[in-house]
*Asks:* 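Dropping the structure in here first, questions after.
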Amino acid sequence: MKGLGLLLRIITAILLGIVIGSFANDWLIRLFATFNDIFGNFLEFIIPLIIIGFIAPGIGSMGRGAGKLLGLTGAVAYTSTVVAGVIAFFVAKIIYPTFLSQQSLQSFSDPSKSLSEGFFQVEMPPPMEIMTALLLSFVIGLGIATIKGEALYKITTDFRDIIQLVIEKVIIPLLPIHIFGIFANMTAAGQVSTILAVFAKVFVMIIILHLLYLMLQYTLAGTLSKQNPISMIKRMIPAYFTALGTQSSAATIPVTLKHTKTLKVREGIADFTVPLLANIHLSGSTITLVSCSLAVMFLQGEPGTFSAVFPFILMLGITMIAAPGVPGGAVMAAIGLLKSMLGFDATMVSLMIALYLAQDSLGTACNVTGDGAITSITNSLSGKKGRNLTEENNLT
């Protein structure tokens, strides 16, 4: 229920921000703007470290499993994640011009100019550029996987644990205050009605997309395994609702594994793929991130073309491996890409965090339930070689 507690704090922060921002004087708004500036600068400082801390050991550990089964599972999971992002893009591009047509886009074209500024700034220059951190993470991760470097792998996992502590003990607890300050500032600037309208509409669209994509995944899985897709989904419902409560793919693994085995998959394959997919398959989170990012870009009057967003989706499929096992971990791992590839500023990132965290548990539930379909697809594609793949896994 830890995740639920965070969700309630986020909702409370938004509501309080709207209420207090409607009557607070400029001095109080600037006080919270000062906190937001400091917190935003700290986020910019920590982003490259988050990227290295999670992507390097994530990729490194990928090369330590059973070769063929790992490759097949990884390919299916990555394809699912990218397809989810592409579908979310085209749905948003079709729906948003009508869906969000009532919004005052011109007055929202540059929110940073109308928001109150803080009393002072504390500069926190990041240790490296975001793209440098990404490239360094890939080089280290692939190197660890290739040479099976135990010592370097241990260093990267220890560093990951440190960064995860920073996220759990510093960033996550302070996020509600940050979001409160953003909404108080936007209310004072007269922009909050636009944001709330977008919140409600995008929230509904994301839930529908999650359900439709699960139907697509299980239709494919059912076709390959000659099972009824609806029946398969019904068997995975306990995993869906467990994920809603825990807001964690990792914490739901026992329930996911138990019910995935009812989908007529080989036990050895389920035992290997379900824990792996909990870390590498985040189709629900990707749908949310793409939908929310396009909504924020739409508010900014930016076109969000496919040529600009598709590379972001491709990188997102890889970066999701780095998503830490804490509430909001996926959006934390994606902040670097939002800034470097889509040009998000601090205000846009704050809106993304608020939008994402408002439905984080639903995205996690979609991820977890989809793991059953991906396991079934992997089981079907492995075919007669399944016995050899499972034996290889056991030997590894």
*Asks:* Has Thr34 got a side-chain atom pairing as donor or acceptor with Arg30's backbone, closer than 3.5 angstrom?
*Replies:*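 Such a contact is found between Thr34 side chain and Arg30 backbone.
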*Asks:* With sequence neighbours excluded, tell me which residues meet side chain to side chain contact (heavy atoms under 4.5 Å, CB included) with Phe90.
*Replies:*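 Side chain to side chain contact (heavy atoms under 4.5 Å, CB included) check on Phe90 returns Val86, Phe306.
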*Asks:* What's the spacing between Leu381 CG and Asn379 CG if we round to 0.5 Å?
*Replies:*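 Nearest 0.5 Å value for the CG-CG distance: 9.0 Å.
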*Asks:* Quick check: closest heavy atoms across Leu263 and Arg235, and the distance to 0.1 Å?
*Replies:*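 For Leu263 and Arg235, the tightest heavy-atom pair comes out as CA-NH1, 3.7 Å.
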*Asks:* Hey, does the side chain of Tyr78 reach the backbone of Leu314 with a donor-acceptor pair shorter than 3.5 angstrom?
*Replies:*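 Side chain of Tyr78 to backbone of Leu314, a donor-acceptor pair under 3.5 Å: yes, one is there.
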*Asks:* Quick check: closest heavy atoms across Val368 and Ala243, and the distance to 0.1 Å?
*Replies:*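 Heavy atoms only, the tightest pair is CG2-CB, 3.9 Å.
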*Asks:* State, yes or no, whether a side-chain contact exists between Thr378 and Leu277 at a heavy-atom distance under 4.5 Å.
*Replies:*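 They are not in contact (no side-chain heavy atoms under 4.5 Å apart), so the answer is no.
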*Asks:* Among residues at least two apart in sequence or on other chains, which ones pass side chain to side chain contact (heavy atoms under 4.5 Å, CB included) with Ile46?
*Replies:*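 With neighbours one apart ignored, the set is Phe42, Leu43, Leu49, Ile50, Ile163, Val166, Ile171.
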*Asks:* Locate the shortest heavy-atom distance separating Ser307 from Pro311; write the atom from each residue and the value.
*Replies:*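 Where Ser307 meets Pro311 most closely, the heavy atoms are O-CD, 3.1 Å.
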*Asks:* For Ser285, check side chain to side chain donor-acceptor pair (under 3.5 Å) against everything at least two apart and list the hits.
*Replies:*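 Side chain to side chain donor-acceptor pair (under 3.5 Å) check on Ser285 returns Tyr356, Asn367.
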*Asks:* Using the rule that Ile, Leu, Val, Met, Phe, Trp and Tyr join whenever any side-chain heavy atoms are under 4.5 Å apart, tell me whether Leu362 and Ile237 fall into a single cluster.
*Replies:*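 Linked within one cluster.
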*Asks:* Mind running side-chain contact (heavy atoms from CB on, under 4.5 Å) on Ser225 and Lys264 for me, showing each step along the way?
*Replies:* CA-CA 8 Å; Ser225 64; Lys264 299 180 182 178; over 6 Å; no
*Asks:* Using the test side chain to side chain donor-acceptor pair (under 3.5 Å), find all partners of His210 that sit at least two apart in sequence or belong to another chain.
*Replies:*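 Testing His210 for side chain to side chain donor-acceptor pair (under 3.5 Å), a comparison that skips the adjacent residues, returns Thr288.
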*Asks:* Kindly determine whether Leu338 and Ser293 satisfy side-chain contact (heavy atoms from CB on, under 4.5 Å), including the steps that lead there.
*Replies:* CA-CA 8 Å; Leu338 291 168; Ser293 61; 4.0 Å; yes
*Asks:* Looking at Val265 and Ala270, what are the two nearest heavy atoms and their distance?
*Replies:*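 For Val265 versus Ala270, the nearest heavy atoms are CG2-CB, 3.9 Å.
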*Asks:* Quick one about Thr286 and Thr81 (side-chain donor to acceptor, distance below 3.5 Å, no hydrogens or angles considered), yes or no?
*Replies:*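 Thr286 and Thr81 do not have a side-chain donor-acceptor pair below 3.5 Å.
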*Asks:* Tell me, please, which residues at least two apart from Lys154 pass side chain to side chain donor-acceptor pair (under 3.5 Å).
*Replies:*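 Side chain to side chain donor-acceptor pair (under 3.5 Å) check on Lys154 returns Asp158.
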*Asks:* List the steps and the verdict of side-chain contact (heavy atoms from CB on, under 4.5 Å) for Lys261 and Asp271.
*Replies:* CA-CA 9 Å; Lys261 288 180 179 180; Asp271 288 340; 2.9 Å; yes
*Asks:* Are any non-hydrogen side-chain atoms of Phe298 and Leu294 less than 4.5 angstrom apart?
*Replies:*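 No; the side chains remain at least 4.5 Å from each other.
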*Asks:* State the SG-CD1 distance between Cys366 and Ile207, to the nearest 0.5 angstrom.
*Replies:*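 One gets 11.0 Å once the value is rounded to the nearest 0.5 Å.
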*Asks:* Using the ring of each side chain (for Trp, its six-membered ring), is Phe39 parallel, tilted or perpendicular to His178, with breaks at 30° and 60°?
*Replies:*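 Correct class here is tilted.
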*Asks:* Heavy-atom distance under 4.5 Å between the side chains of Met352 and Leu289, does that happen here?
*Replies:*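 Yes. Closest side-chain heavy atoms under 4.5 Å.
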*Asks:* Through direct or indirect side-chain contacts below 4.5 angstrom among Ile, Leu, Val, Met, Phe, Trp and Tyr, which residues connect to Leu212?
*Replies:*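 Members other than Leu212 - counting any ILVMFWY side chain reachable under 4.5 Å - are Val204, Ile208.
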*Asks:* Ignoring hydrogens, what is the shortest heavy-atom contact between Ser283 and Tyr213? Give both atom names and the distance.
*Replies:*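 Looking at all heavy atoms of both residues, the closest pair is CB-CE2, 3.7 Å.
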*Asks:* Give me the atom names and distance for the closest heavy-atom approach of Ile206 to Ser291.
*Replies:*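 Closest approach of Ile206 to Ser291, heavy atoms only: CG1-CB, 3.8 Å.
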*Asks:* Using the rule that two of Ile, Leu, Val, Met, Phe, Trp, Tyr join whenever any of their side-chain heavy atoms come within less than 4.5 Å, decide whether Met128 and Ile162 are in one cluster.
*Replies:*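 Result: no, two separate clusters.
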*Asks:* Quick check: is Val139 connected to Leu337 through a chain of hydrophobic side chains (ILVMFWY, heavy atoms under 4.5 Å apart)?
*Replies:*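 Not linked; separate clusters.
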*Asks:* Within the structure provided, determine whether Thr256 and Met236 are in side-chain contact (heavy-atom separation under 4.5 Å).
*Replies:*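 SC-SC contact between Thr256 and Met236 confirmed.
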*Asks:* Supply the atom-to-atom distance Ile318 CD1 to Ile280 CD1, rounded to the nearest 0.5 angstrom.
*Replies:*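 It comes to 12.0 Å.
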*Asks:* Do Phe35 and Leu31 come within less than 4.5 Å of each other through their side chains, counting heavy atoms only?
*Replies:*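 Side-chain contact under 4.5 Å: no.
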*Asks:* Measure the CD1-CD1 distance between Ile287 and Ile87 for me, rounded to the nearest 0.5 Å.
*Replies:*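 It comes to 7.0 Å.
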*Asks:* Is there a path of hydrophobic side-chain contacts, each under 4.5 Å between heavy atoms of I/L/V/M/F/W/Y residues, joining Leu135 to Leu316?
*Replies:*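 Yes, Leu316 connects to Leu135 through the hydrophobic network.
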*Asks:* Show your reasoning for whether side-chain contact (heavy atoms from CB on, under 4.5 Å) applies to Asp371 and Val274.
*Replies:* CA-CA 7 Å; Asp371 291 348; Val274 169; 5.5 Å; no
*Asks:* State plainly whether one hydrophobic cluster holds both Leu282 and Phe310, where clusters connect Ile, Leu, Val, Met, Phe, Trp and Tyr through side-chain heavy atoms under 4.5 angstrom apart.
*Replies:*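 Yes: a chain of side-chain contacts under 4.5 Å links Leu282 to Phe310.
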*Asks:* Look up atom OH in Tyr218 and atom NZ in Lys234, then write down how far apart they are to the nearest 0.5 Å.
*Replies:*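 Those atoms lie 14.0 Å apart.
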*Asks:* Report yes if the side chains of Thr273 and Ile374 come closer than 4.5 Å at any heavy-atom pair, otherwise no.
*Replies:*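 With C-beta onward as the side chain, the pair stays apart.
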*Asks:* Nearest 0.5 Å, what's the CD-CD1 distance between Glu150 and Ile144?
*Replies:*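 Rounded to the nearest 0.5 Å, the CD-CD1 separation comes to 9.5 Å.
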